[in-house]
K.L.:
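Would you mind keeping the following structure in view while I ask a few things?
FYI, the numbering just counts along the sequence from 1. Computed from a prediction, not measured in an experiment: that's the story for all the values here. FYI, side chains are in, hydrogens and waters are out, and symmetry mates aren't considered; it's all heavy atoms of this structure.
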Amino acid sequence: MKLPRGFSAFLATESLDAFNGNLFKMLLQLFVLQFLKAPNAEAIISQSALVFTIPFVLFGPWSGYLADRYAKTSVMRTVKLGEVPIMILGVVGFYLASVPLMIAVLFCLATQITFFAPAKAGYIPEACATETISKANSLVSMTTFVAIIGGMALAGQVFGVHAAKPALAAWYCVGIAVLGVATVWLIPRTAAKGAAEKFPWNPLKGIWEDLVFLKNRKSLFLAGLAHSYFWLLGLIFTTNILVYGKKLLLLGETQNTQLSLLPAFMGIGIAAGSLLAGRWSGKKVELGLVPLGGLGLAAAGFGLFFSTSSYVATSVILFISGVFGGLFIVPLYSFLQFEAGEHEKGRVLATVGVMNGLFLVLGSLLYRLFSVTMGLQAHTICLVMGAVSLGVVVYICTVIPEYLIRFLSWLLAHTIYSIKIVGADNVPFQGPALLTPNHISYVDAVLVGATLQRFIKFLMFKKIYDFPILRQICRIMEVIPIAPYEGRESVARSLQTARDKLSQGEVVCIFPEGRITRDGAMNEFRTGVETIMKGMTCPIVPVYLHNVWGSVFSFEGGKVFWKFPRRLPYKVTIIYGEPLDPATPAAALEAAVRRLAEQI
């Protein structure tokens, strides 16, 4: 899975942008906490956090329009040029020791980031092949958060070196801005998509129209909500953690580096979690990681409530929270890029940026409510947000149960089993297809579903479908029950339902043997597959499940479940063969699956 030429220059530009923004923000916060020693430091920090979020909301429609209308590389180049004068103005703010001017610079910096973000995000699906989107996003997330770490860590170092003259530290931001301008011109130029929509002169009207536009795309809207919650949580955590370190861990004026590293530990974790998400996702967007990441974020909030006496314990918990944060956000962002239409990616991603901004505004207001109005201590704020995160996970799994199913499938496929996937590219990313695997165990559907990007509609023996624990899960997955014991008419209805799903562009999976093997050998394929495909034009993809016989859920030894696994994880291989003509008879299809077995 090779990334396109010039992707390293894109990574460098994105990283420098993140590095510089966090360097300036941290310098401002250290200036307020350590240099001015302002008695109302929490109020100033919450005010700066609020000001930083406003441009993401106000200018979101404009940034999305520009990213769709013009070449995304041109937008990135133009926006990066504006970063240099903004940083020079920041130096002036430090020289004058003017907090209002520095906050105004923060507003300008956030505006620059707002216009840069949708062009940057839209560049990835344009420049990268579909199967590399998760890998590209994991690399971008990793390098971005490494840059965030570097910016925060450097802020502590340079502020310590130039403690007497903090304005000297701000000149580093100017130099990094110039370097970012140099790298952005090394990104290969992309073509303009030339979206036909009119420029949204009224940003408030544009915001409303964009939110309605996204609301009508349910899966994208719900993913955007979850994505935005992450940024709300991140703002509260990173803003709160400096006060946590100052007042609870008792980090003094000589410990600026230790103080600035606290949010950096979270950034290191997010970088590691992003890489892990890319690895665990493989060539697909794995939404099952989202609930897992959310549970980890909730646990971290609870942990920070109890770690106030130990810098090391706090650092470890922040790192772990970052790892789960990476698992949470990378699949969501990859899904948004993958699902958005070709000519609306900029608008979709910009609208998600607006939602992020709204949630960031909400986060800054919540932090002010907790810390200033209610006077909650920093560790109590962590506890509250941990409880909120747990509620968010429950909400996600309730409103979008596919995420829960994906999570359970992923968990089974990555604990009990270790799956090697061969030929997954033979299953189309879009459009209908019929999968025809051999049938070895009671979890064959889970194994197949866990290895593919798309949600698959399975045909299942009705007596298993009606099992009390499984019935609700099967309904969520839109499983098609089939009951030969109820007669031909019942079977015909089930096969017609499968045909209807194919006609709607879905991927359907049928186990043509009609039953699980009792001796490990493949049974004869039945002709139900021919009935389903009669008159259809979509391909049949033969599938072979290798080495599943002998696992806990197979009939080896004459029993299922009531035996210990030979080893954990149990290694299996799933091979997706070359697509076959829809008119392929059952006997020829069986032969094709047997040929896949011979490859092993």
K.L.:
Indicate yes or no for a side-chain donor-acceptor contact from Ser274 to the backbone of Gly326 under 3.5 Å, with no hydrogens or angles considered.
P.N.:
no
K.L.:
Can you name the closest pair of heavy atoms from Met355 and Gly224 and give their distance?
P.N.:
CE-C, 3.6 Å
K.L.:
Quick check on Phe302: does its CZ atom have over 12 non-hydrogen neighbours (other residues, nucleotides or ligands) under 6.0 Å away?
P.N.:
yes
K.L.:
Please state whether the rings of Phe458 and Phe511 are parallel, tilted or perpendicular, taking 30° and 60° as the class boundaries.
P.N.:
parallel
K.L.:
Would Asp500 and Gln496 count as having a side-chain donor-acceptor pair, cut-off 3.5 Å?
P.N.:
yes
K.L.:
Run Tyr229 and Phe328 through ring-ring contact (aromatic ring centres under 6.0 Å, His included) and show every step you take.
P.N.:
CA-CA 10 Å; Tyr229 174 74; Phe328 185 87; 7.1 Å; no
K.L.:
Would you confirm whether Ser321, through its side chain, and Leu318, through its main-chain N or O, come within 3.5 Å as a donor-acceptor pair?
P.N.:
yes
K.L.:
Is the closest side-chain donor-acceptor distance between Ser554 and Tyr442 under 3.5 Å?
P.N.:
no
K.L.:
Assess the side chains of Tyr570 and Ser418: does a donor N or O sit below 3.5 Å from an acceptor N or O?
P.N.:
no
K.L.:
Do we get Lys462 above Tyr485's six-membered ring, with its NZ or CZ under 6.0 Å from the centre and within 45° of the axis?
P.N.:
no
K.L.:
Give a yes or no on whether Gln504 atom CD has more than 12 heavy-atom contacts from other residues, nucleotides or ligands under 6.0 Å away.
P.N.:
yes
K.L.:
Just jot down the side chain to side chain contact (heavy atoms under 4.5 Å, CB included) partners of Pro585, sequence neighbours excluded, or say none.
P.N.:
Glu530, Ala588
K.L.:
Ignoring hydrogens and angles, state whether a donor on the side chain of Thr517 or Asn523 is under 3.5 Å from an acceptor on the partner side chain.
P.N.:
no
K.L.:
Got a second to check how far Ile482's CD1 is from Tyr465's OH, nearest 0.5 Å?
P.N.:
13.5 Å
K.L.:
Would you mind listing every salt bridge (charged side-chain N to carboxylate O under 4.0 Å, His left out) that reaches into residues 570-594, with sequence neighbours excluded?
P.N.:
Glu590-Arg594
K.L.:
Output side-chain donor-acceptor pairs under 3.5 Å for residues 431-441, partner residues at least two apart or in another chain, one line each.
P.N.:
| residue | atom | partner | partner atom | Å |
| --- | --- | --- | --- | --- |
| Asn438 | OD1 | Leu545 | N | 2.8 |
| Asn438 | ND2 | Leu545 | O | 3.3 |
| His439 | ND1 | Asp444 | OD2 | 2.8 |
| Ser441 | OG | Val443 | N | 3.3 |
| Ser441 | OG | Asp444 | OD1 | 2.8 |

K.L.:
Look only at the side chain of Ser490 and the backbone of Gly487, and say whether a donor-acceptor pair between them is shorter than 3.5 Å.
P.N.:
no
K.L.:
Please confirm whether Phe10 and Tyr123 have ring centers closer than 6.0 angstrom.
P.N.:
yes
